[in-house]
Structure formats: structure tokens, C-alpha cells
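First the structure, in the form of C-alpha cells, and then the observations on it.
Because only heavy atoms are used, hydrogens play no part in the values below, and waters and symmetry mates are left out as well, while side chains stay in. Count residues from 1 along the sequence.
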Amino acid sequence: PTTKTATVPASRFLEVDFTANGSNHFLFELPIVVTLDYSRCARSNIVRLPLSVWYWNASTNQLLDQMPSVDNKLLQTITFITPHFSGYVMAN
């Protein structure tokens, strides 16, 4: 069993920090699918521009790796595949 936690810190980005068993970095045996809801985001251009999810370093604001992701504009969700839990940000 793995205890998973998602934290959405105050940020000007849609930023999500995931932990598993209390660790900031957790590598899964197989990739997992994660879906984020961005319907509360107030920016008007978010519904026009294609979005993707990035693994990122929150300390340096550096995008590290673009995750395979699908942006569903109708549901205002983005789904991505990842082999690890870490910090992620949604970007266009």
C-alpha cells in the first residue's frame, strides 16, 4: 500500500506537488495516469491554447520534462502519464 498526497500550493501557475509515502520523489514500477481539473483557473486564454503538463523544479522555476498529456477543453481537465510523483506544473 502507498499513501499518496496531492498539494496545490499558492502559485501564479497551476502547480501540484505529489508525494507518496511521505517522499517528494517516488518512482512507480509502472507509469500511472493522473488527471487534473483546471476549471477554476480564471485566465481566459486557457481555453484557447493547448496545455501540457511539465515535471518542474519549483525552487528554480525550471521546466525539466514534458509529460505525455491530453488536454480536454470540454471537461477542462488535463491527463498525463508519469513514472514518478514529483512537482508538476501546467503550461502552454
Side-chain angles (χ1 to χ4, degrees):
T2 303
T3 301
K4 299 158 200 80
T5 305
T7 306
V8 181
S11 173
R12 61 185 185 109
F13 307 106
L14 175 54
E15 177 185 344
V16 183
D17 294 322
F18 291 107
T19 62
N21 288 343
S23 177
N24 289 335
H25 298 286
F26 186 90
L27 186 61
F28 292 98
E29 287 184 29
L30 297 171
I32 62 167
V33 177
V34 178
T35 300
L36 302 174
D37 181 327
Y38 61 86
S39 61
R40 295 185 314 158
C41 294
R43 292 184 51 187
S44 61
N45 65 347
I46 205 164
V47 294
R48 294 190 313 267
L49 301 172
L51 301 170
S52 58
V53 173
W54 287 78
Y55 167 47
W56 84 317
N57 182 324
S59 300
T60 64
N61 288 333
Q62 180 181 9
L63 298 176
L64 301 174
D65 191 23
Q66 186 174 16
M67 310 310 290
S69 47
V70 175
D71 180 12
N72 184 325
K73 296 293 185 192
L74 181 63
L75 297 176
Q76 292 185 304
T77 60
I78 191 160
T79 301
F80 66 102
I81 299 170
T82 182
H84 56 83
F85 264 177
S86 299
Y88 297 94
V89 66
M90 200 173 66
N92 57 12

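Val33 forms part of a hydrophobic cluster together with Ile81, judged by ILVMFWY side-chain heavy-atom separations under 4.5 Å.
Residues Thr82 and Tyr88 meet the side-chain proximity criterion, which asks for heavy atoms closer than 4.5 Å. Here the side chains of Thr79 and Asn72 are not in contact, with every heavy-atom distance at 4.5 Å or above.
Under the side chain to side chain donor-acceptor pair (under 3.5 Å) criterion, Gln66 pairs with Ser52, sequence neighbours left out. For Ser59, the side chain to side chain contact (heavy atoms under 4.5 Å, CB included) test picks out Asn57, with sequence neighbours left out. For the side chain to side chain donor-acceptor pair (under 3.5 Å) test, residues two or more places apart in sequence or in another chain that qualify with Ser39 are Asp37. For the side chain to side chain donor-acceptor pair (under 3.5 Å) test, no residue two or more places apart in sequence or in another chain qualifies with Thr77. Shown here are the ring-ring contact (aromatic ring centres under 6.0 Å, His included) partners of Tyr55, two or more places apart in sequence or in another chain: His84.
If you take CH2 on Trp56 and CE on Met90, they are separated by 12.5 Å, rounding to the nearest 0.5 Å. Note that the CG atom of Asp71 and the CD atom of Gln76 stand 9.0 Å from one another [nearest 0.5 Å].
Under the 4.5 Å side-chain heavy-atom criterion for Ile, Leu, Val, Met, Phe, Trp and Tyr, Phe80 and Phe28 are members of the same hydrophobic cluster. The same ILVMFWY cluster, assembled from side-chain heavy atoms under 4.5 Å apart, contains both Leu64 and Ile78.
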